[in-house]
Amino acid sequence: AKENGRNGYQFHTLELTRAAENRQALESRLHRAITAEEFELYYQPQVDVASGRTLGFEALVRWRPESGEGVSPAVFIPLLEETGLILALGDWVLHEACRQAVRWRAAGLDKVPVSVNLSPRQFQHLDVVELVRQALADSGLPGELLELEITEGALMAQNLETQERLGELKALGVQLAVDDFGTGYSSLAYLSRFPIDKLKIDKSFIDGLGQDARADKIVATIIAMGQGLDLRVVAEGVENASQLELLRSLGCDAVQGYLCGRPVPAALAQVRLAREQAA
Ligand code: C2E
Ligand code: CA
Ligand code: CA
Ligand code: CA
């Protein structure tokens, strides 16, 4: 038996072989999917705790294969990341999300910022700043309406260049969010050095809210720290009203989760916005 570092599952040799075969099959399907444009973006609202209004949407990729079963991004993103194909898909995501934000504006809706996930490999790519600049220029989206989500792990993996790269991204006007905050085993020192705008508290902490006194304290501490550092704080994976109430009492700015809205296709996200803005 061998340990799989990513999730700690135990695999026997046969299972490992089978997994490798599946993996290879999946990999070549993904390769074709990128050229066949089998991907679609869904949008999940981030909601203001005080007013209940939509503050923006996170773009989340979905795979709609022409044949065969779709696979969760939690499975295929890491695979694309390993093979480097994430660069091609990530660039499409960036362009498409920017175009969508422009379409919403063209449809007469107020400013709706859109958040895009940058994978570690994308963030480490030498041309990342240029790629973001191009997505903004091609779509005509003002930088302020684009937010980039970078995981804490990706921020930490870097050295001196990280600070410079983040500075260049900020110079484009974009917002920067730390994704999966609290899971990166980091020193927190980076928060004072990097030009970060937002912390997204990882769902794993939100899951324990109201049930696990330690989770409550951790979340309270992150929110207080965010306020002290003038960062916006978003709680991820909020699924029930008691979590929302607790977050409200702790002073959390915004929430994202099934309670307030699942990820939906752009057209449905637009319906939500139009209804809100007409009210
Ligand atoms: P993430 O960036 O942390 O995104 C949040 C994930 O949590 C999404 O899963 C979302 O659908 C899910 N989620 C939101 N609210 C709830 C909730 O209340 N309960 C539960 N159980 N789940 C909730 P999704 O869309 O399956 O994406 C999984 C991960 O795949 C993302 O985690 C992100 O790391 C990655 N990903 C998705 N789209 C992209 C993309 O376009 N580019 C990159 N680089 N990564 C992406
Ligand atoms: Ca994210
Ligand atoms: Ca996240
Ligand atoms: Ca996550």
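Every number for a ligand or one of its atoms is a count from 1 in the order of the listing. Position 1 is the first residue of the sequence, and the numbers go up from there.
- The heavy atom nearest to atom 5 (C) of ligand 1, out of those in Glu81, Glu236, Arg121, Glu239, is found in Glu236.
- Of all non-hydrogen atoms in Val174 and Asp197, the two that sit nearest each other are O-OD2, 4.2 Å.
- Residue-level proximity to ligand 1 for Ser119 is carried by backbone and side chain together, each with a heavy atom below 4.0 angstrom.
- Rounding to the nearest 0.5 Å gives a distance of 9.5 Å between CG of Leu87 and CG of Asp127.
- Taking every heavy atom of both residues into account, Pro195 and Leu176 meet most closely at O-CD1, 3.5 Å.
- The Ca ion (ligand 3) does not have Asp202 among its coordinating residues (no N/O/S atom, backbone or side chain, under 3.0 Å).
- For Lys203, the closest heavy-atom approach to ligand 1 falls below 4.0 Å.
- Glu58 has its closest N, O or S atom to the Ca ion (ligand 2) at the position named OE2.
- The proximity of Asp179 to ligand 1, defined as any non-hydrogen pair under 4.0 Å, is limited to the side chain.
- In Glu149, the N, O or S atom that comes nearest to the Ca ion (ligand 2) is OE1.
- Taking each heavy atom of Cys260 and Val47 in turn, the nearest pair found is CB-CG2, 3.7 Å.
- Checked by distance only, ligand 1 and Val61 come closer than 3.5 Å through their nitrogen or oxygen atoms.
- Only the side chain of Gln44 comes within 4.0 Å of ligand 1, counting heavy atoms alone; its backbone N, CA, C and O stay farther away.
- Not a single heavy atom of Lys200 sits closer than 4.0 Å to an atom of ligand 1.
- Between the side chains of Arg53 and Gln277, no donor N or O sits under 3.5 Å from an acceptor N or O.
- The distance from ligand 1 to the heavy atoms of Pro263 drops below 4.0 Å at these ligand atoms: 11 (O).
- With respect to the salt-bridge test (charged N to carboxylate O, under 4.0 angstrom), the residues Glu245 and Arg248 qualify.
- When heavy-atom distances to ligand 1 are checked against a 4.0 Å cut-off, Asn117 comes that close through both its backbone and its side chain.
- Each of the following atoms of ligand 1 lies closer than 4.0 Å to a heavy atom of Val93: 41 (O).
- Remark: Arg262 qualifies as a cation-pi partner of Tyr258 under the 6.0 Å distance and 45° angle criteria applied to the six-membered ring.
- The Ca ion (ligand 3) sits nearest to atom OD1 when only the N, O or S atoms of Asp180 are considered.
- For Glu236 and Lys200, the salt-bridge test passes: some basic side-chain N is under 4.0 Å from an acidic carboxylate O.
- Heavy-atom separations between Arg62 and ligand 1 include at least one value shorter than 4.0 Å.
- Atoms of ligand 1 lying under 4.0 Å from at least one heavy atom of Asp180, given by number and element, are 3 (O).
- Aromatic ring centres of Phe39 and Phe76 lie closer together than 6.0 Å.
- Contact annotation for Ile77 and ligand 1: only side-chain heavy atoms (C-beta onward) come within less than 4.0 Å of the ligand.
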Q. Step by step, would you call Glu130 with Arg133 a salt bridge (charged side-chain N to carboxylate O under 4.0 Å, His left out)?
A. CA-CA 5 Å; Glu130 193 46 39; Arg133 191 200 315 278; 3.0 Å; yes
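- Ion pair Glu144/Lys111 not flagged as a salt bridge, since none of the NZ, NE, NH1 or NH2 atoms sits closer than 4.0 Å to an Asp/Glu carboxylate oxygen.
- Close N/O approach between Tyr258 and ligand 1 is found [any backbone or side-chain N/O within under 3.5 Å].
- When you scan the N, O or S atoms of Asp179 for the one nearest the Ca ion (ligand 2), you land on OD2.
- Residue contacts to the Ca ion (ligand 2): Thr151 brings no N, O or S atom closer than 3.0 Å.
- Taking the charged nitrogens against the carboxylate oxygens, Arg23 and Glu82 do have a contact shorter than 4.0 Å, which makes a salt bridge.
- Under the 4.0 angstrom criterion for non-hydrogen atoms, Gly90 is not in contact with ligand 1.
- Gln100 and Arg103 share a side-chain donor-acceptor pair at under 3.5 Å.
- By the criterion of a heavy-atom distance under 4.0 Å, the side chain of Glu58, and not its backbone, is placed next to ligand 1.
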